[in-house]
Amino acid sequence: SKGKLSLIVDLDGDDIADEERIVATGWEEIAPSVDALGVDIDPRDGSVWFGLGTGDYSNAYRVGADGVAAYDLASDRGTIQRLSPDLQHRETVATGIRFPVGLRFSPAGDPFVTDQEGATWLPNGNPFDELLLIQPGRHYGFPPRHPRHLPQVIDEPSLFDYGPQHQSTCGLNFNLPVFPDGPIFGPERWRGDLFVSGYSRGKLYRTQL
């Protein structure tokens, strides 16, 4: 939620939440009511990955009245974060993210994220809603490379674009059984496909990787 990542614990095993533990906090506050979005646990090591929305989607380079850009690649804003398995250490995995509402690890252990269309506010900034495969150290194009404001990055392309513009692809999940040997959604040939929900247009996309 805004300003924090929470772990909700059931201390006595009665399936009722007993306590909220704030496991990550301390990043720059932004004006929108949304902030920390998308979270999943890396099946490879138990670390917790989550996203932090960009500092200002309407002024992504953070250009002031003096024409100087204040966007900082070292900032937590607009990033994918990794919290260590012991919940004690946090690091930036990737930059250039607008608002990563959905984040899921594939059965193979690859982190996938849906990111929001940004060209409404910034030309060439995420022209469409995107599916991203997150790789450490990469920059994902919001804000995009700029000859004056941001010349030191190379924009990693999206894995898939959802159009037409502004579908608001937020939720995502892999089509796998909830319980061992349980059913999947749809025919068997859909097993393992990624389902992405488009909130603005009420669509559900089946995406084959």
Side-chain angles (χ1 to χ4, degrees), residues 1-8 23-24 27 30 32-44 46-55 57 60 76-83 90 92-121 125-136 138-142 155-178 184-186 190-209:
S1 54
K2 189 166 185 179
K4 62 183 180 179
L5 178 68
S6 300
L7 172 64
I8 308 300
V23 296
W27 43 83
I30 55 175
S33 57
V34 289
D35 182 16
L37 292 167
V39 61
D40 202 6
I41 297 174
D42 187 340
R44 299 167 295 187
S47 60
V48 182
W49 292 40
F50 66 99
L52 290 174
T54 191
Y57 57 81
D76 295 332
R77 301 269 32 131
T79 64
I80 300 298
Q81 297 284 306
R82 178 187 179 273
L83 190 63
R90 179 166 60 88
T92 296
V93 177
T95 60
I97 306 292
R98 185 177 175 271
F99 268 98
V101 178
L103 190 158
R104 285 287 181 272
F105 279 88
S106 72
D110 295 315
F112 290 86
V113 165
T114 53
D115 202 6
Q116 302 297 283
E117 175 265 316
T120 298
W121 299 270
N126 292 11
F128 296 96
D129 290 88
E130 302 176 331
L131 175 66
L132 305 176
L133 172 60
I134 298 300
Q135 300 177 73
R138 304 292 176 93
H139 183 83
Y140 285 87
F142 194 90
D155 297 325
E156 186 72 14
S158 60
L159 193 65
F160 193 83
D161 293 334
Y162 299 92
Q165 200 173 62
H166 206 66
Q167 294 297 309
S168 192
T169 52
C170 296
L172 78 160
N173 230 325
F174 285 90
N175 190 22
L176 296 169
V178 177
I184 61 167
F185 177 67
W190 289 6
R191 180 181 293 271
D193 288 346
L194 191 62
F195 276 82
V196 174
S197 54
Y199 287 8
S200 289
R201 306 287 184 256
K203 293 179 179 179
L204 188 65
Y205 297 95
R206 179 174 66 91
T207 307
Q208 293 175 291
L209 298 178

Between Phe112 and Leu103, does the side-chain contact (heavy atoms from CB on, under 4.5 Å) criterion hold? Intermediate values first, please. CA-CA 6 Å; Phe112 290 86; Leu103 190 158; over 6 Å; no
Chi angles and distances behind the side-chain contact (heavy atoms from CB on, under 4.5 Å) call for Leu133, Asp110: CA-CA 7 Å; Leu133 172 60; Asp110 295 315; 3.8 Å; yes
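Note that CD of Gln165 is 4.5 Å distant from OG1 of Thr120, once rounded to the nearest 0.5 Å. The distance from atom CD1 of Ile97 to atom NE2 of His139, rounded to the nearest 0.5 Å, is 8.5 Å. Considering CG of Leu131 and CG of Leu159, their distance stands at 5.0 Å, rounded to 0.5 Å. Going from atom CZ of Arg98 over to atom CH2 of Trp121 covers 4.5 Å, rounded to the nearest 0.5 Å. Of the inter-residue distances, the one linking Asn175 atom CG with Leu194 atom CG reads 9.5 Å to the nearest 0.5 angstrom. With rounding to the nearest 0.5 angstrom, the OG1 atom of Thr92 is 12.0 Å from the CZ atom of Arg82.
Distance alone, capped at 3.5 Å, places no donor-acceptor pair between the Gln81 side chain and the Trp49 backbone. With hydrogens and angles ignored, the 3.5 Å screen pairs a side-chain donor or acceptor of Ser197 with a backbone N or O of Gly171. Side-chain atoms of Thr114 come within 3.5 Å of backbone atoms of Gly102 as a donor-acceptor pair (strictly under, hydrogens ignored). Side-chain atoms of Glu117 come within 3.5 Å of backbone atoms of Ala119 as a donor-acceptor pair (strictly under, hydrogens ignored). For Asp115 (side chain) and Phe99 (main-chain N/O), a donor-acceptor pair under 3.5 Å exists by modelled atom type. Asp161 places no side-chain N or O within 3.5 Å of a backbone atom of Phe128 that could act as its donor or acceptor partner.
Val34 is not listed as a side-chain neighbour of Lys2, based on a closest heavy-atom distance of 4.5 Å or more. Counting heavy atoms from C-beta on, the side chains of Val48 and Val39 come closer than 4.5 Å.
Nearest heavy-atom pair across Leu176 and Pro107 is CD1-CG, 3.3 Å. For Gly109 against Arg44, the heavy-atom pair with the smallest separation is O-CZ, 3.1 Å.
Looking at Ile134, Val113, Ile80 one by one, the single match for side chain to side chain contact (heavy atoms under 4.5 Å, CB included) with Tyr140 turns out to be Ile134. Under the side chain to side chain contact (heavy atoms under 4.5 Å, CB included) rule, Arg77 has a single partner from Thr54, Thr95, Asp35, which is Asp35.
For Pro43, the side chain to side chain contact (heavy atoms under 4.5 Å, CB included) partners are Phe105, not counting sequence neighbours. The side chain to side chain contact (heavy atoms under 4.5 Å, CB included) check on Pro177 picks up Ile184, Arg191, with sequence neighbours excluded. Looking at residues two or more places apart in sequence or on another chain, you find a side chain to side chain contact (heavy atoms under 4.5 Å, CB included) between Arg104 and Asp40, Leu172, Asn173, Phe174. Residues satisfying the side chain to side chain contact (heavy atoms under 4.5 Å, CB included) criterion with Ser1, sequence neighbours excluded, are Lys4. Taking the salt bridge (Lys or Arg N to Asp or Glu O under 4.0 Å) definition, one finds that Asp76 meets it with Arg90, sequence neighbours left out.
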Which side-chain N or O atoms in residues 200-209 pair as donor and acceptor under 3.5 Å with protein atoms at least two apart or in another chain?
{"unit_1": "Tyr205", "atom_1": "OH", "unit_2": "Gln167", "atom_2": "OE1", "d": "2.9"}
{"unit_1": "Arg206", "atom_1": "NH1", "unit_2": "Asp193", "atom_2": "OD2", "d": "2.8"}
{"unit_1": "Thr207", "atom_1": "OG1", "unit_2": "Tyr162", "atom_2": "OH", "d": "2.9"}

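Taking the ring centroids of Phe50 and Trp27, they lie under the 6.0 Å cut-off.
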